[in-house]
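I have a structure here, written as structure tokens, and I will follow up with some questions on it.
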Protein chains: 2
Amino acid sequence: MENKTYHHGDLRNELIEVGAKLLIEQGLEVFSLRKVAKEIGVSHAAPYRHFKDKEDLIVEISNKGIEEFYNALAKPFYEYKNQPKLQLIELGKAYIKFAIDNPYLMKILFFSDLKKKIDISKISDINDDSYSLLVDSVKNCIASGETTVKDVQALSLLTWSFVHGLSALMMEEVINIGEISDEVIDKMVKLSTLGYFKS
Amino acid sequence: MENKTYHHGDLRNELIEVGAKLLIEQGLEVFSLRKVAKEIGVSHAAPYRHFKDKEDLIVEISNKGIEEFYNALAKPFYEYKNQPKLQLIELGKAYIKFAIDNPYLMKILFFSDLKKKIDISKISDINDDSYSLLVDSVKNCIASGETTVKDVQALSLLTWSFVHGLSALMMEEVINIGEISDEVIDKMVKLSTLGYFKS
DNA sequence: CACCTTATGTTTACAGCGTCAACTTATTAG
DNA sequence: CTAATAAGTTGACGCTGTAAACATAAGGTG
């Protein structure tokens with residue numbers, strides 16, 4: 001064993017992988033570069049050959065997290081492509097479930113200073129991120145004549161706000177509704193659509 | 001000048017006051033006990049005569065913040081006491097405005113590990129905090145027959161989730177809807193009520 | 001008043017952190 | 001083969017939270 005070479009060989013990727021593990025399991029507040037280095041078995045300054053600073057590594061980790069988030073939403077998006085209303089509901093449920101399963105990641109993506117800024121006024125420009133899935137789904141709903149509200153931007157923000165807020169309340173355990181079950185999530189998301197869906 | 005006495009006299013309160021200023025203006029991430037001590041002009045270990053540790057001081061500051069939050073919501077609550085629907089809408093608007101005006105405080109209250117837990121299943125037991133204002137308002141709306149949904153718990157969670165989520169998106173600047181104006185907030189909150197209010 | 005106790009400060013010390021500079025070693029280009 | 005460069009290590013700095021030892025002021029008791 002102990003195949004100790006002076007040069008690691010793939011340190012950059014291992015920093016991201018091990019860093020992601022620590023960051024997502026333990027949270028941003030206790031995340032430290034030195035811990036990551038120690039875990040890998042490399043000196044405390046080694047990460048600086050691959051990342052400008054601590055934030056730089058976190059951003060890299062976040063980028064992988066954003067991909068996972070996108071994939072989690074893309075699944076129901078394509079699965080229910082031909083059922084606009086159901087598609088929007090399933091998108092919301094997937095959003096909430098992802099948040100509950102990955103609270104530390106969500107905090108970094110949405111509640112830290114590293115989060116991405118999205119310009120909601122430029123809906124047509126967005127075509128490759130998670131938000132565009134929501135907007136597309138909302139458009140589908142409006143186009144299929146199922147909604148009372150016709151304003152894409154407003155309806156997107158409305159639905160996003162709801163699932164985002166419920167996610168936050170649940171993942172932060174601000175509320176205690178006993179077991180957070182799939183049924184509860186399903187019920188709440190469907191309830192939230194009452195306003196802008198017919199019948 | 002320089003009325004330097006060995007004993008400060010009111011250090012505990014000044015720690016809370018100066019601490020609150022720094023915490024709410026600059027955020028939790030850069031908040032340090034030593035900075036607070038230096039700002040007051042006292043040694044870096046002095047705070048430990050009044051607070052067990054850093055977290056202890058932050059909790060104390062948060063408690064004052066929770067009071068302010070409550071007051072911000074209590075104002076419209078009592079002002080629109082006899083107009084259930086308007087009361088709920090104004091509560092939501094006040095919530096969002098407070099969040100936008102006090103992002104760092106809101107982050108501590110809702111997105112840090114110091115947040116208070118609220119047991120939504122014990123609605124009847126709650127009678128003195130911000131959440132009870134919302135629940136009362138929802139009850140008023142249901143009682144006055146203005147809503148389609150009759151489930152107090154579900155409707156409370158629904159409305160809370162929406163304003164909470166919109167607050168988060170706005171205060172974190174995740175979205176950029178240009179100027180965050182009173183009109184935008186008003187529009188969104190009213191739109192959100194479409195589902196559970198008649199006509 | 002003098003004395004002792006307690007409350008409330010200060011100083012010193014330590015470990016962990018991010019980061020930088022200086023140094024070392026392996027890899028690679030010419 | 002050799003020189004340049006990439007990728008490690010070591011040691012240092014200042015900042016952090018926190019604890020222990022010490023100093024001083026305030027208050028109560030004789």
Side-chain angles (χ1 to χ4, degrees), chain A residues 1-63 104 107-108 112-115, chain B residues 1-63 104 107-108 112-115:
Chain A
M1 310 297 198
E2 283 293 326
N3 198 357
K4 262 277 179 64
T5 53
Y6 192 92
H7 280 65
H8 180 282
D10 194 28
L11 185 54
R12 184 170 206 279
N13 285 324
E14 194 163 0
L15 283 167
I16 295 174
E17 265 179 50
V18 174
K21 196 183 116 236
L22 293 179
L23 189 55
I24 285 161
E25 282 176 6
Q26 309 180 5
L28 184 58
E29 284 149 39
V30 297
F31 180 76
S32 106
L33 269 188
R34 289 170 103 114
K35 275 189 211 157
V36 180
K38 181 171 251 178
E39 172 103 4
I40 295 175
V42 87
S43 81
H44 66 261
Y48 286 84
R49 295 295 146 190
H50 301 279
F51 298 96
K52 187 176 134 285
D53 54 20
K54 184 184 177 183
E55 201 169 75
D56 196 22
L57 172 56
I58 296 175
V59 167
E60 209 56 41
I61 293 171
S62 299
N63 284 335
Y104 288 128
K107 277 170 108 159
I108 293 162
S112 78
D113 294 336
L114 304 155
K115 60 204 159 342
Chain B
M1 314 295 197
E2 284 292 327
N3 197 357
K4 263 276 180 66
T5 52
Y6 191 92
H7 281 64
H8 179 281
D10 194 29
L11 184 53
R12 185 170 204 279
N13 285 324
E14 192 163 2
L15 282 167
I16 295 174
E17 265 178 50
V18 174
K21 196 184 115 231
L22 293 178
L23 188 55
I24 286 162
E25 280 175 9
Q26 309 179 5
L28 185 58
E29 284 150 38
V30 297
F31 180 75
S32 108
L33 269 188
R34 288 171 103 113
K35 275 189 210 155
V36 180
K38 181 172 250 177
E39 172 102 4
I40 295 176
V42 88
S43 82
H44 65 261
Y48 285 86
R49 295 295 148 191
H50 301 278
F51 297 97
K52 187 177 135 284
D53 54 21
K54 183 185 176 182
E55 201 170 74
D56 196 23
L57 172 57
I58 296 175
V59 166
E60 208 55 40
I61 293 170
S62 299
N63 284 335
Y104 289 127
K107 278 171 109 159
I108 293 163
S112 79
D113 293 334
L114 304 155
K115 59 203 161 341

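Labels below follow one simple rule: chain letters A, B, ... track the order of the sequence lines, proteins then strands, and each chain is numbered from 1. Keep in mind that the numbers below use all heavy atoms, side chains included, and drop hydrogens, waters and symmetry copies.
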* In whole Å, what is the span from the CD1 atom of B:I40 to the C1' atom of C:dT8? ->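 That distance rounds to 14 Å.
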
* Report yes if some heavy atom in the side chain of A:I108 is under 4.5 Å from a heavy atom in the side chain of A:F31; otherwise report no. =>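 SC-SC contact between A:I108 and A:F31 ruled out.
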
* Do you know the tightest heavy-atom contact between B:S43 and B:A37? -> O-CB, 3.5 Å

* Given DNA chain C, 5'-ward residue of the pair B:P47 and A:S32, judged by closest heavy atom ->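 Its nucleotide being nearer the 5' end, the pick is B:P47.
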
* Taking only the side-chain heavy atoms of B:A46 (C-beta and beyond), determine which of C:dG9, D:dG8, C:dC20 contains the nearest atom. => C:dG9

* Asked: Taking atom P of D:dT16 as reference, at what distance in whole Å does atom OH of B:Y48 sit?
  ->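 Rounded to the whole Å, the gap is 12 Å.
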
* **Options D:dT9, C:dT10, C:dG18, nucleotide nearest the side-chain atoms of A:V42** => D:dT9

* Is there a side-chain contact between B:L28 and B:S112 (heavy atoms, below 4.5 Å)? ->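 The answer is yes; the side chains approach within 4.5 Å.
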
* Asked: Tell me, which of residues 18-29 of chain A have any heavy atom that sits under 4.0 Å from an atom in DNA chain D?
  -> none

* **B:R34 side-chain proximity, nearest of C:dT10, C:dT12, D:dT16** => D:dT16

Would you be so kind as to tabulate the donor-acceptor pairs closer than 3.5 Å made by side chains of residues 9-25 of chain B, with sequence neighbours excluded?
| residue | atom | partner | partner atom | Å |
| --- | --- | --- | --- | --- |
| B:D10 | OD1 | B:N13 | ND2 | 3.0 |
| B:E14 | OE1 | B:H8 | NE2 | 2.5 |
| B:K21 | NZ | B:E39 | OE2 | 3.2 |

* To do: Start with the C-alpha distance between B:Y48 and B:L33, add both sets of side-chain angles, then the distance that settles side chain to side chain contact (heavy atoms under 4.5 Å, CB included), and finish with yes or no.
  => CA-CA 10 Å; B:Y48 285 86; B:L33 269 188; 3.6 Å; yes

* To do: Could you state the atom-to-atom distance from NZ of B:K35 to C1' of D:dT16 in whole Å?
  => 10 Å

* **Contact residues, residues 49-61 of chain A to DNA chain D [heavy atom, < 4.0 Å]** =>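 Within residues 49-61 of chain A, the residues near DNA chain D are A:R49, A:H50.
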
* Residue A:Q26 excluded, over 12 heavy atoms near CD under 6.0 Å -> yes

* **Rounded distance in Å - CG (A:L33) to P (C:dC17)** => 10 Å

* Do the side chain of B:H44 and the base of C:dT12 come within less than 3.5 angstrom through a donor-acceptor pair of N or O atoms? -> yes

* **Pairwise distance NE2(B:H44) to OG(B:S32) - rounded to 0.5 angstrom** => 11.0 Å

* To do: Using a heavy-atom cut-off of under 4.0 Å over every strand shown, decide if A:K38 touches base, sugar-phosphate, or nothing.
  => nothing

